[in-house]
Amino acid sequence: MSSSLTCTGVLWAMLSLLCAAASCTGFFMPYWLLGSQLDKPVSFGVFRRCTYPVRQEGQLQSVVMVEQCGRYASFLGIPSLAWKICSVVTGVGCGLLLLVALTALMGCCVSELISRTVGRVAGGIQFVGGLLIGSGCALYPLGWNSEEVQQTCSNLSDQFELGTCQLGWAYYCTGGGAAAAMLLCTWLACFAGKKQKQYPY
């Protein structure tokens with residue numbers, strides 16, 4: 001089984017997989033923003049949240065916190081336009097990183113799959129994917145003025161103002177994976193593919 005990757009290319013393939021896994025895991029997890037409501041820990045992702053208030057039947061003012069995680073009922077249920085855009089942009093970026101990572105891993109086993117040119121194109125795709133995820137992370141704070149977030153952050157949050165809340169590990173994981181893909185993987189991709197053989201015909 002011959003590879004179409006150089007030694008640098010194998011490193012690129014492994015790092016690409018790690019970056020894609022970090023960004024995709026962070027994107028899916030509902031731990032981007034951490035706070036509390038009615039003395040219960042609450043967390044938000046882009047399209048998921050953990051622990052949410054529900055009114056009890058027959059009691060107008062009674063609210064209980066349901067301690068479980070789940071997606072919003074629909075795309076329109078996401079509490080902010082910025083988070084809706086963020087979920088689409090970050091999702092597309094994660095998809096691009098995952099596509100390149102899987103292609104790079106195939107290059108470890110398939111000869112003549114990744115040439116120098118293909119490697120550079122893949123690096124460009126990784127840069128775009130990282131840029132999209134970075135844009136999503138930058139858009140996320142625009143949604144901190146939504147009612148749901150304000151209730152969780154003691155009514156002190158606003159755009160780019162966290163109030164009593166704090167950023168969670170999933171936010172850093174998503175952004176860190178994207179940054180590494182943009183800076184390291186894009187550069188390594190330029191040296192990933194072997195020079196193609198020149199045939200006499």
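Looking at Leu113 and Met106, their side chains come closer than 4.5 Å, going by heavy atoms from C-beta outward. Within the 4.5 Å cutoff, the side chain of Leu99 has no heavy atoms near those of the Ile125 side chain. Looking at heavy atoms from C-beta onward, Thr174 lies in side-chain contact with Cys137 at the 4.5 angstrom threshold. Taking 4.5 Å as the limit, every side-chain heavy atom of Leu156 sits out of range of all side-chain heavy atoms of Glu161. With contacts defined as side-chain heavy-atom distances shorter than 4.5 Å, the pair Phe27/Cys24 does not qualify. When side chains are defined from C-beta on, Val88 counts as touching Phe75, because their heavy atoms get closer than 4.5 Å. Thr51 has its side chain out of reach of Val66: every pair of non-hydrogen atoms, C-beta onward, lies at least 4.5 Å apart. At a threshold of 4.5 Å between non-hydrogen side-chain atoms, the residues Trp32 and Phe44 do not count as touching.
Looking only at distances, no side-chain donor or acceptor of Ser36 sits under 3.5 Å from a matching main-chain atom of Asp39. The closest donor-acceptor contact from the side chain of Thr152 to the backbone of Gln37 lies at 3.5 Å or more, if one exists at all. In this structure, Thr6 contributes its side chain and Phe191 its backbone to a donor-acceptor pair below 3.5 Å. Using a distance-only test at 3.5 Å, with no hydrogens or angles considered, a donor-acceptor pair links the side chain of Gln150 to the main chain of Ser157.
Cys pair Cys19/Cys185: SG-SG separation is not below 2.5 Å. Pairing of Cys153 with Cys165 by a disulfide is supported, the SG atoms lying closer than 2.5 Å.
Side-chain heavy atoms closer than 4.5 Å link hydrophobic residues (I, L, V, M, F, W, Y) into clusters, and following such links, even through other members, never connects Leu98 to Val121. There is a path of hydrophobic side-chain contacts, each under 4.5 Å, that joins Tyr140 to Tyr172. Side-chain heavy atoms closer than 4.5 Å link hydrophobic residues (I, L, V, M, F, W, Y) into clusters, and following such links, possibly through other members, connects Leu132 to Leu81. There is no path of hydrophobic side-chain contacts, each under 4.5 Å, that joins Leu131 to Leu96. Leu38 and Val64 fall into different hydrophobic clusters, defined by Ile, Leu, Val, Met, Phe, Trp and Tyr side-chain heavy atoms under 4.5 Å apart, directly or through other members.
Closest approach of Ala189 and Gly123 over heavy atoms only: CB-CA, 3.5 Å. Shown here for Ile78 and Ser87, the closest heavy-atom pair between the two residues is CD1-OG, 4.1 Å. Leu97 approaches Ala181 most closely through the heavy-atom pair CD2-CB, 3.8 Å. A pairwise comparison of heavy atoms in Cys94 and Ile133 identifies N-CD1, 3.7 Å as the closest pair. Nearest heavy-atom pair, Ser80 versus Ser146, reported as atom, atom and distance to 0.1 Å: CB-CB, 4.4 Å. Nearest heavy-atom pair, Trp144 versus Val149, reported as atom, atom and distance to 0.1 Å: O-CG1, 3.6 Å.
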* **Leu15/Leu188 under side chain to side chain contact (heavy atoms under 4.5 Å, CB included): CA gap, chis, key distance, verdict** => CA-CA 9 Å; Leu15 194 60; Leu188 289 173; 3.9 Å; yes
* To do: Assess whether side chain to side chain contact (heavy atoms under 4.5 Å, CB included) is satisfied between Cys69 and Arg49, documenting all intermediate values.
  => CA-CA 6 Å; Cys69 299; Arg49 76 172 284 177; over 6 Å; no
* Asked: How far apart are the C-alpha atoms of Val100 and Trp12, what are their side-chain angles, what is the distance that settles it, and do they pass the side chain to side chain contact (heavy atoms under 4.5 Å, CB included) test?
  -> CA-CA 10 Å; Val100 173; Trp12 167 66; 3.8 Å; yes
* Would you sort out whether Leu33 and Tyr171 count as a side chain to side chain contact (heavy atoms under 4.5 Å, CB included), showing the intermediate values? => CA-CA 8 Å; Leu33 186 66; Tyr171 180 83; over 6 Å; no
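A donor and an acceptor atom, one from each side chain of Tyr52 and Gln68, are located under 3.5 Å apart. Side-chain contact annotation: Ser16 with Gln126, donor-acceptor N/O pair under 3.5 Å present.
For Trp187, the CH2 atom is loosely surrounded, since the number of other residues' heavy atoms within 6.0 Å does not exceed 12. Around atom CZ of Phe28, no more than 12 heavy atoms belonging to other residues, nucleotides or ligands sit under 6.0 Å away.
A ring-centre distance under 6.0 Å is not found for Phe47 and Trp83.
Rounding to the nearest 0.5 Å places CD1 of Ile114 at 13.0 Å from CZ of Arg116. Note that the SG atom of Cys50 and the NZ atom of Lys40 stand 14.0 Å from one another [nearest 0.5 Å]. The CE atom of Met14 sits 4.5 Å away from the SG atom of Cys108 when rounded to the nearest 0.5 Å.
Judged as a ring pair (Phe, Tyr, Trp, His ring centres under 6.0 Å), not a single pair has a partner in residues 87-133 (not counting sequence neighbours).
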